[in-house]
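Structure record follows, encoded as structure tokens.
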Amino acid sequence: MTSRILRPVRAGHAARPRSAAPLGVRLPLAAAAVVAAGLCAACGPSSETTGSASPTAAGPSTQVLAASTPSASASTEASPSASASPSSSATAQASSSPTPSRTQSGSAAPKPARTSAAPAPARVPGPGYDSSADAQKQIDAALAAAKADGRMVLLDFGANWCGNCKAADKVFAEPQTAAILGASYHLVKIDIGGNSSANSALLRKYSPSGGTYTMPVLIVVNSSGKVRTDTHATGNPSLTAEGINAFLRKWAS
């Protein structure tokens, strides 16, 4: 039988339980607690970290690290939500809002089409021929007016004693014929029944064929003074409303 040698316990030293951690292990645990407390202080106050990081806790080091880890992750998760600025969402909403187009807001209302007013009817002289009138001056005025409004000039050579001239005057005074004359002609009446050599010269100027003239002699000229038709050469139309109106419409343009 083997004998067991019992060593006496030195005085002043208490027996250490085997479950107690040696000094070399306790120092790293204390250092870990200090590091965890520093992390908690850097991340801001937390109710969970404050309770679990109490210096009175005597648990193992894993409990201290577990208590400090949620605090760090909680601050990390809270950061994106706090950093999201409401101005960015407002900017996004403002950019997505429809902007009225410039053409819709700045476009002017369409202007109505301009309509050119019809020129006033030309003056139609009354019956008879004025032997004292300056025929050349009247013709020049009629040609100038024709250049301005595009009408034709109708030269009526006749005499106050001429029966056919009086018949033509009656037709000229009728409303329908007067309307055609006022719309399309400047009428000039020239007396060739007297002794006016000037008026006779005007007749030969616009009707140079000569011979015996049958009155009235109706000559249509354009605004440049060019003769378009001469009844001394073509013969007079019927001195009725139908005949004269047809003649006037034919040479109106």
Side-chain angles (χ1 to χ4, degrees), residues 114-253:
R114 293 182 178 179
T115 56
S116 57
R123 174 183 172 273
V124 179
Y129 301 86
D130 186 0
S131 59
S132 64
D134 187 341
Q136 182 62 65
K137 186 176 181 179
Q138 291 179 331
I139 292 174
D140 292 342
L143 292 174
K147 288 181 180 179
D149 56 26
R151 291 182 170 99
M152 297 293 139
V153 175
L154 175 61
L155 304 179
D156 177 6
F157 292 89
N160 289 324
W161 46 262
C162 170
N164 288 341
C165 298
K166 292 179 181 180
D169 280 344
K170 289 182 180 179
V171 176
F172 288 160
E174 292 184 7
Q176 186 177 11
T177 307
I180 299 173
L181 285 171
S184 304
Y185 293 91
H186 293 283
L187 175 60
V188 180
K189 304 188 75 173
I190 306 161
D191 182 26
I192 56 173
N195 298 321
S196 175
S197 59
N199 290 353
S200 298
L202 287 173
L203 175 61
R204 291 191 296 271
K205 174 183 177 180
Y206 289 99
S207 181
S209 59
T212 303
Y213 291 89
T214 302
M215 294 183 292
V217 180
L218 302 176
I219 302 174
V220 177
V221 299
N222 60 17
S223 59
S224 300
K226 182 179 180 180
V227 175
R228 302 190 64 202
T229 188
D230 172 13
T231 59
H232 177 62
T234 63
N236 276 331
S238 172
L239 299 178
T240 61
E242 291 78 7
I244 291 180
N245 290 348
F247 172 83
L248 294 176
R249 290 191 183 100
K250 180 179 180 181
W251 300 105
S253 60

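All figures in this text were calculated on a predicted structure; none of them were measured in a lab.
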How close do [X] and [Y] get, counting heavy atoms only, and between which atoms?
X: Ala142; Y: Val153; result: O-CG2, 3.7 Å
X: Asp191; Y: Ala159; result: OD1-CA, 3.8 Å
X: Leu143; Y: Val221; result: CD2-CG2, 4.2 Å
X: Met152; Y: Ala252; result: CG-O, 3.6 Å
X: Val124; Y: Ala178; result: CG2-O, 4.0 Å

To the nearest 0.5 Å, how far apart are [atom1] in [X] and [atom2] in [Y]?
X: Leu239; Y: Ile244; atom1: CG; atom2: CD1; result: 5.0 Å
X: Leu248; Y: Phe172; atom1: CG; atom2: CZ; result: 6.5 Å
X: Ile219; Y: Leu203; atom1: CD1; atom2: CG; result: 6.0 Å
X: Leu218; Y: Trp251; atom1: CG; atom2: CH2; result: 12.5 Å
X: Asp130; Y: Gln138; atom1: CG; atom2: CD; result: 7.0 Å
X: Tyr129; Y: Cys162; atom1: OH; atom2: SG; result: 6.5 Å

For this session: Could you go through the side chain to side chain contact (heavy atoms under 4.5 Å, CB included) check for Tyr206 and His232 one step at a time?
Result: CA-CA 10 Å; Tyr206 289 99; His232 177 62; over 6 Å; no

Problem set entry | Side chain to side chain, Thr212 and Thr214, heavy atoms closer than 4.5 Å |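 Sidechains of Thr214 and Thr212: no contact.
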
Any donor-acceptor pair under 3.5 Å from [X] side chain to [Y] backbone:
X: Tyr213; Y: Ser207; answer: yes
X: Arg204; Y: Gly210; answer: no
X: Ser196; Y: Ile192; answer: no
X: Asn236; Y: Pro216; answer: yes

Problem set entry | Given Asn199, Ile190, Leu202, the one that forms side-chain contact (heavy atoms from CB on, under 4.5 Å) with Gln136 |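 Among Asn199, Ile190, Leu202, the one that satisfies the side-chain contact (heavy atoms from CB on, under 4.5 Å) with Gln136 is Leu202.
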
Problem set entry | Partners passing salt bridge (Lys or Arg N to Asp or Glu O under 4.0 Å) against Asp169 (at least two apart in sequence or in another chain) |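 Here the qualifying residues are Lys189.
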
Exercise. According to the side-chain hydrogen bond (donor to acceptor under 3.5 Å, both in side chains) rule, which pairs have a member within residues 175-188, sequence neighbours left out?
Worked result: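 Every side-chain hydrogen bond (donor to acceptor under 3.5 Å, both in side chains) pair that includes a residue of residues 175-188, provided the two are not neighbours, is Asp149-His186, Thr177-Asn245.
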
For this session: Return each pair, listed once, that meets side-chain hydrogen bond (donor to acceptor under 3.5 Å, both in side chains) where at least one residue sits in residues 215-228; pairs must be two or more places apart or across chains.
Result: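 Not a single pair qualifies under side-chain hydrogen bond (donor to acceptor under 3.5 Å, both in side chains).
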
